[in-house]
Amino acid sequence: MQPHQLKIYNSLTREKEHFTSLVPGHVGLYVCGPTVSGESHLGHARPYITFDVVLRYLQHLGYKVRYVRNITDAGHFEEEGREAEDKVSQKALLEKLEPMEMVHKYTSLFHKGMQMFNNLEPHIEPTATGHIVEQINMIETLIERGYAYPVNGSVYFDVAKYAAAYPYGTLSGRVLEDQLETTRELDGQDEKRNKADFALWKNAPPEHIMRWKSPWGEGFPGWHIECSAMSRKYLGEVFDIHGGGMDLQFPHHESEIAQSTIAHGHAPVRYWIHNNMITINGKKMGKSYNNVIKLSELFTGNHPLLQQAYHPMVVRFYILQTHYRSTLDFSNEALQASERALKRLWEAYILLKKLPAPHGEANTAVNEALNLQIRNICLELTDFMNDDFNTAKVLANLFELCPIINSINGGQIDPNALTPATYSLLQESMPVFIEDILGLQPMQAANNGKLEDVLKLLIEIRADAKKRKDFATSDTIRQRLEASGIFLKDAKDGSVSWSVE
RNA sequence: GGUCGGAUGGCCGAGUGGCUAGGCUCAGCUCUGCAAAAGCUGCUACAGCGGUUCGAAUCCGCUUUCGACCUCCA
């Protein structure tokens, strides 16, 4: 555990606060996971990449983190796009829609997506269906304490009573009176004492497939209780960080606070972190807007809005180039710019690893200003991460290192202009920030040795041709390889490097 | 309607009361058989109108405008 100056913007206080963990050296991190009734889309990529970097940075600081991210696999949901046909025939629904099958399918797809983004796995990934007992227990406690009431086999949380005794709406800036005036027609509205009350348990109608026995009859848990029950179980009554999308602030997170406060006697979370939305044409990407681009579509380019396929690392980079609390607008131009930028960063990074070390003897080649500049750029990386995970600034600084690295490689800067200390700092900083903290990976898979052998042969043949000034042959080799996505680059010293698209 | 948050150069996007990120694009140059890559140079913006200040894109007010949440939503 190294001393640090990490500041986190806490949605609860709306201020950047210096981060300290409840238990020294340990951090409890809970992030709202996906509802697996449909395929994950680009919008989902944002929180999981954001909090992956949070996790990575906390670990980098030396914390032992327990990262819990749930899978919402219970509740009243139907498979995307199925609703229409299911309505036609209830029988079709029973035959086609086995809940576990659907949940399994989309959970697997989600995991695959997370893996492609190089997100670290959560330490615990609890499912709602696996914690029915815990949820029922918690609801019973809430009833015992007089803050929840059963009606017709459902149970609701009494928000008005809660608000009378505890601060309600702090997280989302909500005023209870406003909530009470809601005119919207909601399911079960007539059962509630107040419109602001929310369901803890819902009675299952006969046709509802997902159902569990409870003290109130057969039903299923409401949509806020799982996070409270599961975070309590794995992180304790009070834990350090709870994360999720901004759209969850209300009512989901506000309800979590209310439930847990009654059940445990105190607020559950010390730091709330919320990421902003990904927009498309200025509008939030979401099911209700019908403007989602699924991850599989993004990776294959198979979507009317996509001009091409985008590599998962390009998407990751694109997301990290913006601060997590800003909206991020999708466009092909932006993704394509990210693709080129990432490629440039990565090529410089590869070069860095091969960069000759300065010999370190006292010499006149040392460039003091350059050394100072590199030191500053590298040391600032930590400052930027400490400033509420400002990955945008981290990337900006990493890009400032690129021309320096390329210039040393290209001979414009003498390798001995760097002191050994600066050289080491550079060699240590870039991998730590690029790979360990930002979690970026090479876009091309590791080449197997056979391709390398073949290319070596072609490059030799081409070198011979060039020596004979047989440019027709040398250009043909280069062009044919290019057509296959292999690019040859002639360096000044006659060496040839290559890259695969 | 209520609450909250934005409006930055050709595009995407950081950001602090004064020293004006970064990426992409574009133009020129260097290198080069050519190409690609790379390097160098150039392109100086902060919605509008007031105000505070020696000084504001950054603070305050108003206007215009976009969005998020208030309903499942990352």
Side-chain angles (χ1 to χ4, degrees), chain A residues 14 31-35 37-38 40-51 72 75-77 169 172-175 177-179 181-187 196 223 243-252 254 274-279 282-289 292 317-318 321-323 325-331 333-345 347-348 351 380 384 387 390-400 402-413 466 469-472 474-475 478-479 482 487-492 497-499:
Chain A
R14 292 163 200 239
V31 174
C32 288
T35 302
S37 61
S40 301
H41 61 257
L42 175 58
H44 294 107
R46 175 100 106 141
Y48 305 126
I49 288 171
T50 296
F51 290 104
T72 297
H76 183 88
F77 56 67
S172 57
R174 223 52 52 157
V175 180
E177 284 67 35
D178 295 339
Q179 299 311 122
E181 285 166 15
T182 308
T183 55
R184 222 170 281 272
E185 286 302 321
L186 282 174
D187 195 33
W223 42 288
M246 263 182 185
D247 49 356
L248 295 181
Q249 250 177 34
F250 189 89
H252 186 56
E254 200 69 73
H274 291 98
N275 63 276
N276 215 134
M277 302 291 103
I278 287 182
T279 59
K283 283 247 194 302
K284 172 187 165 183
M285 186 177 286
K287 265 193 277 184
S288 23
Y289 295 103
V292 301
F317 176 91
Y318 155 77
Q321 242 186 337
T322 307
H323 185 79
R325 280 191 287 114
S326 302
T327 53
L328 172 56
D329 198 48
F330 164 86
S331 70
E333 293 71 22
L335 259 325
Q336 283 158 10
S338 289
E339 186 178 81
R340 294 194 183 100
L342 177 57
K343 203 174 163 209
R344 188 168 110 86
L345 177 67
E347 280 178 3
L351 281 177
E380 274 178 341
F384 294 155
D387 185 12
N390 198 327
T391 55
K393 281 190 147 190
V394 168
L395 280 169
N397 265 29
L398 290 172
F399 272 103
E400 292 208 54
C402 293
I404 297 170
I405 294 166
N406 288 331
S407 293
I408 294 172
N409 180 253
Q412 294 96 329
I413 292 177
K466 283 176 70 171
K469 302 254 187 252
D470 177 9
F471 296 123
S474 71
D475 287 354
R478 188 173 62 202
Q479 283 155 14
E482 210 169 289
F487 297 87
L488 297 186
K489 283 183 253 179
D490 296 328
K492 257 193 302 198
S497 64
W498 51 274
S499 62

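Order of the sequence lines fixes the chain letters, A, B, ..., with proteins taken first and strands second; residue numbering starts at 1 for each chain. Just so it is clear, the structure is predicted and the values come from calculations on it, not from any experiment.
- For B:A45, there is no paired nucleotide, since no Watson-Crick or G-U wobble pair has both relevant distances below 3.5 Å.
- Distances shorter than 4.0 Å separate some side-chain N or O of A:K284 from OP1 or OP2 on B:C69.
- Between the C1' atoms of B:G2 and B:A57, the separation comes to 31 Å (whole Å).
- Using a distance-only test at 3.5 Å, with no hydrogens or angles considered, no donor-acceptor pair links the side chain of A:N409 to the main chain of A:I405.
- If you take atom P in B:U44 and the same atom in B:G55, they sit 26 Å apart, rounded to whole Å.
- A:E254 places a side-chain N or O within donor-acceptor distance of the main-chain N or O of A:G169, the cut-off being under 3.5 Å.
- At B:G15, one or more side-chain N or O atoms of A:N390 fall inside 4.0 Å of OP1 or OP2 (strictly under the cut-off).
- Candidate nucleotides B:A35, B:A74, B:A21 were compared by shortest atom distance to the side chain of A:R478, and B:A35 ranks first.
- Taking 4.0 Å as the cut-off between side-chain N and carboxylate O, A:D387 and A:K393 do not count as a salt-bridged pair.
- Within the structure, every side-chain polar atom (N or O) of A:Y318 is placed at least 4.0 Å from both OP1 and OP2 of B:G22.
- Among the atoms of the strands shown, only primed sugar atoms or phosphate atoms (P, OP1, OP2) are found under 4.0 Å from some heavy atom of A:N406.
- In this model, the phosphate group of B:G23 is not approached by any side-chain N or O of A:R340 to a distance below 4.0 Å at OP1 or OP2.
- Residue contacts shown for A:Q479 are absent, as no nucleic acid heavy atom lies under 4.0 Å away.
- In this structure the side chain of A:N276 never reaches within 4.5 angstrom of the side chain of A:H323, judged on heavy atoms.
- Counting all heavy atoms, side chain and backbone alike, A:R14 lies closest to A:S172 at NH2-C, 3.8 Å.
- To the nearest angstrom, P of B:G22 lies 13 Å from CD of A:Q321.
- By the 4.5 Å heavy-atom criterion applied to side chains, A:K284 and A:M246 are not counted as neighbours.
- Taking the P atom of each, B:C24 and B:C40 are spaced 13 Å apart, rounded to whole Å.
- Residue-to-nucleotide contacts include no donor-acceptor pair under 3.5 Å from the side chain of A:N276 to the base of B:G5.
- For A:R344 and B:G22, the shortest distance from a side-chain N or O to OP1 or OP2 is not below 4.0 Å.
- Minimum atom distance to the side chain of A:M277 is reached by B:A74, of the listed B:A74, B:G67, B:A14.
- Remark: the A:R46 side chain and the B:A74 base include no donor-acceptor N/O pair separated by less than 3.5 Å.
- A:F487 comes within 4.0 angstrom of no nucleic acid atom, judged by non-hydrogen atoms across all strands.
- Rounded to the nearest Å, the gap between the P atom of B:U3 and that of B:G10 is 36 Å.
- The gap from the C1' atom of B:U52 to that of B:G42 amounts to 37 Å, rounded to the nearest Å.
- Judged by atom type and distance alone, A:D329 does not reach the base of B:C12 through any side-chain donor-acceptor pair under 3.5 Å.
- The separation of B:C46 from B:C59, taken at their P atoms, amounts to 16 Å, rounded to a whole angstrom.
- For A:L248 and B:C70, the CG to C1' distance is 14 Å, given to the nearest whole Å.
- An OP1 or OP2 oxygen of B:A14 is reached within less than 4.0 angstrom by a side-chain nitrogen or oxygen of A:S326.
- Across the protein-nucleic acid pair, A:R325 atom CZ and B:C4 atom C1' stand 14 Å apart, rounded to whole Å.
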